[in-house]
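As the structure is a prediction and not an experimental result, all values here were calculated from the model.
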Amino acid sequence: MKNMLRIEELRVTVEGKEILKGVTLEVGAGEVHAVMGPNGSGKSTLAYVLAGREGYEVTGGRVLFLGQDLLAMEPEERAAAGLFLAMQYPVEIPGVSNMYFLRQAMNAVRKARGEPEIAAGAFMKMLREKARLVGIRDELLKRDVNTGFSGGEKKRNEILQLAMLEPKLAVLDETDSGLDIDALKAVAEAVNSLRGPDRAFLVITHYQRLLEHIEPDHVHVMVDGRIRRSGGKELALELERHGYEQFAAAAA
């Protein structure tokens, strides 16, 4: 099995405070890994560092993505290489339609890979197919990106971006936050449809309920900036029953 992502002793500081304190994690192609932990444990920091967000200082360790030094790459280079981040709070982009944004994003990635731009007809056919998969109405495709969208619509829209861009590694940061059960199921079904031997997922979540619909191959518990325990899907069920207290006590 091909190694997709390798994180070795990653240490990260934000505004002078150490948040990640030596995170080590390996994600293989075709695998779904869930990172669970209480608020403030460093889960979202990990996602942002992988995506290349500013304001996060890496003070130790390294990250390899498909054998490349991820931390040496600009955010757009990471996207072109096949990394996608679905954020907990998707941003609004007034004045830019969903359709225009998606086509520009696809063509930017294709150009970086030395591929030709996607033709308008092929793009529209693909967009309609993926929108149906995610449960997005045609009317939302014509509106400005996430502007006036409900929380559930914003999350579905991000999964639409994921489906259109077809990345090699998708990082989902608290995608279940604020979703009702119907939106949660729609998002999970779309993610499951994208699972395959050449794509991996890193699902970051606080609760087990998302993992009832997206079954992980591996579950990791992050507390106080470190992964304290790893296991199979049964670990998520254990967390649902007993919480994070045992890990918090061990970290103290």
Can you list the residues that meet the side-chain hydrogen bond (donor to acceptor under 3.5 Å, both in side chains) rule with K130, with sequence neighbours excluded? none
Under the rule for side-chain hydrogen bond (donor to acceptor under 3.5 Å, both in side chains), what residues qualify as partners of R229, not counting sequence neighbours? E238
Nearest heavy-atom contact between A190 and I159 is CB-CG2, 3.5 Å
Would you call the rings of H220 and H33 parallel, tilted or perpendicular if under 30° counts as parallel and over 60° as perpendicular? parallel
If you round to the nearest 0.5 Å, how far is OG1 of T205 from CG of D173? 9.5 Å
Let me check something: any side-chain donor-acceptor pairs from residues 68-77 under 3.5 Å, sequence neighbours excluded? List them with distances.
| from | atom 1 | to | atom 2 | distance (Å) |
| --- | --- | --- | --- | --- |
| D69 | OD1 | L71 | N | 3.2 |
| E77 | OE1 | E74 | N | 2.6 |

Separation between CD1 of I181 and CZ of R209, rounded to the nearest 0.5 Å: 6.0 Å
Salt bridge (charged side-chain N to carboxylate O under 4.0 Å, His left out) between K168 and D198: does it pass, once the steps are laid out? CA-CA 7 Å; K168 296 183 182 301; D198 297 319; over 6 Å; no
Closest non-hydrogen atom pair between R11 and E18, with its separation: NH1-OE2, 2.9 Å
Could you work out, with side-chain contact (heavy atoms from CB on, under 4.5 Å) as the rule, every residue matching K233, not counting sequence neighbours? E215, P216
Counting only N and O atoms by type, is there a donor-acceptor contact under 3.5 Å from the side chain of E189 to the main-chain atoms of V187? no
Apply the test side chain to side chain contact (heavy atoms under 4.5 Å, CB included) to residues V203 and V35: give CA-CA distance (whole Å), side-chain angles for both, the deciding distance (0.1 Å), then the verdict. CA-CA 6 Å; V203 180; V35 177; over 6 Å; no
Does M99 reach the side chain of M124, with side-chain heavy atoms less than 4.5 Å apart? yes
Do you know which two heavy atoms are closest between A188 and I214, and how far apart they sit? CB-CG1, 3.7 Å
State, yes or no, whether a side-chain contact exists between R156 and F149 at a heavy-atom distance under 4.5 Å. no
Show the nearest heavy-atom pair for residues V219 and L235, with the distance to one decimal. O-CD2, 3.5 Å
Mark yes or no for whether E31, through its side chain, and G28, through its backbone, hold a donor-acceptor pair below 3.5 Å. yes
If we ignore hydrogens and angles and just use 3.5 Å, is the side chain of D217 paired with the main-chain N or O of V32 as donor and acceptor? yes
Mark yes or no for whether N157, through its side chain, and V145, through its backbone, hold a donor-acceptor pair below 3.5 Å. no
Sole candidate of L20, V49, T13, L46 that passes side-chain contact (heavy atoms from CB on, under 4.5 Å) when paired with Y56: V49
Side chains of L239 and V221: does their closest heavy-atom pair fall under 4.5 Å? yes
Minimum side-chain heavy-atom gap V171-F201 below 4.5 Å: no
To the nearest 0.5 angstrom, please state how far the CG atom of L210 sits from the CG atom of L172. 8.0 Å
Go through M164 and F123 one step at a time and tell me if the side chain to side chain contact (heavy atoms under 4.5 Å, CB included) criterion holds. CA-CA 9 Å; M164 292 293 288; F123 170 77; 3.5 Å; yes
So that I can tick it off, tell me whether K43 and E174 are bridged by a salt bridge, with the cut-off set at under 4.0 angstrom between side-chain N and carboxylate O. yes
I'd like to know if the side chain of R199 reaches the main chain of P167, judged simply by a donor and an acceptor atom lying under 3.5 Å from each other, with no hydrogens or angles considered. yes
Quick one: pull up CG in L202 and CG in L83 and give me the separation to the nearest 0.5 Å. 9.5 Å
Given the rule in the side chain to side chain contact (heavy atoms under 4.5 Å, CB included) test, do V14 and E57 qualify, once you have shown the distances and angles that lead to the verdict? CA-CA 6 Å; V14 180; E57 182 185 358; over 6 Å; no
Say whether L237 and M36 are linked into one hydrophobic cluster, either directly or through other cluster members, by side-chain heavy-atom distances under 4.5 angstrom. no
Within a strict 4.5 Å, meaning less than it, do heavy atoms of the F65 and L50 side chains meet? no
Are R228 and M222 close enough that some pair of their side-chain heavy atoms sits under 4.5 Å apart? no
Give the intermediate values and the outcome of side chain to side chain contact (heavy atoms under 4.5 Å, CB included) for residues L25 and I227. CA-CA 8 Å; L25 179 66; I227 291 177; 4.2 Å; yes
Determine whether the side chains of D144 and N98 contain a donor N or O and an acceptor N or O closer than 3.5 Å. no
Grab the two heavy atoms, one from L102 and one from Q161, that are nearest each other, plus how far apart they are. CD2-CG, 3.6 Å
Taking only residues two or more places apart in sequence or in another chain, which ones pass side-chain contact (heavy atoms from CB on, under 4.5 Å) with R62? E8, L64
Cut-off 3.5 Å, no hydrogens considered: what does the side-chain donor-acceptor table look like for residues 131-139, sequence neighbours left out?
| from | atom 1 | to | atom 2 | distance (Å) |
| --- | --- | --- | --- | --- |
| R137 | NH1 | E153 | OE2 | 3.4 |
| R137 | NH2 | E139 | OE1 | 2.9 |
| E139 | OE2 | R143 | NH1 | 2.9 |

Would you check, one step at a time, whether the test salt bridge (charged side-chain N to carboxylate O under 4.0 Å, His left out) holds for E117 with K111? CA-CA 7 Å; E117 291 190 354; K111 181 179 180 181; over 6 Å; no
From L5 atom CG to L66 atom CG, the distance as rounded to the nearest 0.5 Å: 8.5 Å
Of the non-hydrogen atoms in I19 and G42, which two are nearest, and what is the gap between them? CG2-CA, 3.9 Å
Interatomic distance, T45 atom OG1 to I204 atom CD1 [nearest 0.5 angstrom]: 9.5 Å
